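Remarks on the structure that follows.
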Protein chains: 2
Amino acid sequence: MTAMDDSSTRGRSSRSTGSARLTDVARVAGVAPMTVSRALNRPELVSESTRLRVQRAVLETGYVPNRVAGALASSRSRLVALLVPTVAHSLFAEVVQTVMGVLAPQGYQVLLGLTGYTPEQEETILETVLSRRPDGIVLTGCRHSALTRQRLLSAKVPLVEIWDMSDDPVDMLVGFSHEAVGRAVAEHLLARGYRRFGLISADDSRGRRRVAGFIAGLEGAGEGTYQLREVGTPSSMPWGRGMSAELLDSHSLDAIVCSSDILALGVLAEAQSRGLAVPDRLAIMGFGDSSYAGASFPALSTVRIDGAAIGLRAAEHLLQRMAQPTFERAGQSQDVGFEIIDRDTT
Amino acid sequence: MTAMDDSSTRGRSSRSTGSARLTDVARVAGVAPMTVSRALNRPELVSESTRLRVQRAVLETGYVPNRVAGALASSRSRLVALLVPTVAHSLFAEVVQTVMGVLAPQGYQVLLGLTGYTPEQEETILETVLSRRPDGIVLTGCRHSALTRQRLLSAKVPLVEIWDMSDDPVDMLVGFSHEAVGRAVAEHLLARGYRRFGLISADDSRGRRRVAGFIAGLEGAGEGTYQLREVGTPSSMPWGRGMSAELLDSHSLDAIVCSSDILALGVLAEAQSRGLAVPDRLAIMGFGDSSYAGASFPALSTVRIDGAAIGLRAAEHLLQRMAQPTFERAGQSQDVGFEIIDRDTT
DNA sequence: CTGTTAGCGCGTTCAT
DNA sequence: ATGAACGCGCTAACAG
């Protein structure tokens, strides 16, 4: 049914195998190219009969619209850039899932960028991403290099920064404060009587800010001691298990605070193998918990981050702004907060 | 430094804020647009002096190339479509990471598509993806709808199907046989003396084929009984814990086989809370293990899938093919296999 | 409701 | 080593 009609002398010489174009459909349907374009993009502006003829012609030619031409002509790419450090972390994977789940039904496709955890990579990737002229950008974090920030500002594209908090967002912002997380965890654990802490953190800037917040929390209370260890990426259970073993061998600890839930599971494995009662002899605090580890291993405490809510709101803000004809920075922040979940809680 | 030079009368009326174009850079540099294009894309064809003038002009204008125009003019999008069911699963996240890790340094950007687990979604997403004219496609699975397969064939784009095995790949294929996994697990566990099995599988077609392979393995051996349960997506520890609790309440079981490692962790939690020795009283078999759960909880067995190897090879095959000037289907398959990891192994 | 005209910003091709 | 002309496939803007 979709055979290429041989009678149609294709436009130029070497288009040996190229797919059908709008003009091909138009010729087959016996209408002008513009009418085909309308029949496809704004069917309500076209009469029923021609719409049907066009549909038939589309099937007959096997036409697939060329959106790169469309984007160039209309200055609307229907592309959203989504920049996250990694997808190999359940938290960011959750964000990607929800953002795409909202955008895809609205006809937006996602250009994914993996920025790692360094501003340099972010800078490079942002440049290549901007060259696609996306209609919107979702970007993880809000501590950018000067050049990144400048490009963001001059790009005149709706932008949502996520997963962090700042006083002067570039445009829109949905996230939470990492310092606040650290401080809250410190206060929470101190209140429950823990005093000697091990900290296992991934080598990433936001993780370090959570650690800094934690330490500030201890200092503010004038109590508690801590040992800090950094692990490489990607975080994994063996890292958590190995680092906690090292910490427990050399120090007497009440509690271990991890920068992800997967590290916390590794710590749990180590505690179990040592016969340490969790959380009575040793408290274990994770971060994120998008796989709901805490629901299955209730001895695990965690800082629950609602990645789905962040993704959802970011995508919705973006959609709203992309729908507006005039570009204007919003300058609004939304703090979705976090929740410390503990076996004692609820 | 990047101020828009006001003396330059921008081409047309309403480009109030549009970014600089190639012609703008050319004017500032005092050369022809074509020379700027070359200085940027093929610097070796341009004299050192003009190259430097162009570089300066680029900085001065804040020029960011418009790759949608470039793609239209050159018929090379430098875009690779990557279609996976989800990224909220460590296995596919690992594939995404490695594919992007290989492609980004080569100047390719990734258009991500989430197909869920249904051929219908795959069909829809493939259509929108093809409209961007990607230079290559990585697609999960090889059981497509008729329309999908036809579009794939007529798209004339290098394609790698991954994560499955087939006799007649559309183009290139890197994966493993799900039936073989199921059968191997059955034989492995039977050989170790297990007989009464619980199967917890996600509601996905490849998972079902692994289950079918497992059952075929039992029937081939003429031994073993099984109870099957399906869980919803996304898989999570609570699903594993809940389903295994239900199974263990109503049946006397030797072993529980899960369609993912995260389910297996939930089963482990349930076993621990019941005081069941693992794997002596109850064997637990996962699938994937890209978070290396088995390394930290050695009581867990698993079918180890090397998602990184799959992503790596897929990306490399694609790069090679995209570099070739003439399009030609390869028709080659690569079985990367799998490995059953058991506490008894090694 | 439908058609015509005129580019979108760039790379290919050929000339110099 | 550099430039000029042309068109990639589509849509905005206007006309009818």
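Worth saying up front: this structure is predicted, and the values here are computed from it rather than measured. No hydrogens, no waters, no symmetry mates; every other heavy atom, side chains included, goes into these values. Numbered from 1 within each chain, the chains take letters A, B, ... in sequence-line order.
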If you only use heavy atoms from C-beta on, which nucleotide in [options] is closest to the side chain of [X]?
X: B/Arg21; options: D/dT11, C/dT12, C/dG9; answer: C/dG9
X: B/Leu72; options: C/dG3, D/dC10, D/dG9; answer: D/dG9
X: B/Ser74; options: C/dC10, C/dT12, D/dC10; answer: C/dT12
X: B/Ala32; options: C/dG11, D/dA4, C/dT4; answer: D/dA4
X: A/Val31; options: D/dT11, C/dG3, D/dG3; answer: C/dG3
X: A/Ala73; options: D/dG9, D/dG3, C/dC10; answer: D/dG9

Point to revise | Heavy-atom side-chain proximity of B/Leu112 to B/Val87 below 4.5 angstrom | key: yes
Check your understanding: Heavy atoms, side chains only, cut-off 4.5 Å: are A/Val31 and A/Val36 in contact?
Key -> yes
Tell me whether the OP1 or OP2 atom of [N] has a side-chain N or O from [X] closer than 4.0 Å.
X: B/Ser47; N: D/dT2; answer: yes
X: B/Thr35; N: D/dG3; answer: yes
X: A/Thr50; N: C/dT2; answer: yes

Study note, to complete from the structure: In whole angstroms, the gap separating P of D/dG16 from CE of A/Met34 amounts to 18 Å
Point to revise | Sole residue of A/Arg151, A/Glu161, A/Gln150 in side-chain hydrogen bond (donor to acceptor under 3.5 Å, both in side chains) with A/His144 | key: A/Glu161
Check your understanding: What does B/Leu22 touch in the nucleic acid at a heavy-atom separation under 4.0 angstrom: a base, only the sugar-phosphate, or nothing?
Key -> sugar-phosphate
Review point. Relative to the 5' end of DNA chain D, which residue comes earlier, A/Pro33 or B/Ser75, by the nucleotide with the nearest heavy atom?
Key: B/Ser75
Please set out all donor-acceptor pairs under 3.5 angstrom arising from side-chain atoms of residues 99-111 of chain B, sequence neighbours excluded.
unit_1, atom_1, unit_2, atom_2, d
B/Tyr108, OH, B/Arg76, NH2, 3.1
B/Gln109, OE1, A/Arg132, NE, 2.9
B/Gln109, OE1, A/Arg132, NH2, 3.4
B/Gln109, NE2, A/Thr128, O, 3.4

Check your understanding: What pairs of residues pass the side chain to side chain donor-acceptor pair (under 3.5 Å) test when at least one of them lies in residues 312-330 of chain A, not counting sequence neighbours?
Key -> A/Asp171-A/Arg321
Check your understanding: For DNA chain C, which residues in residues 36-45 of chain B have a heavy atom at a distance below 4.0 Å?
Key -> B/Ser37, B/Asn41
**Study point:** From B/Thr115 atom OG1 to B/Leu139 atom CG, the distance as rounded to the nearest 0.5 Å
**Key:** 7.5 Å
Check your understanding: Rounded to the nearest 0.5 Å, how far does OG of A/Ser145 lie from CG of A/Leu152?
Key -> 9.0 Å
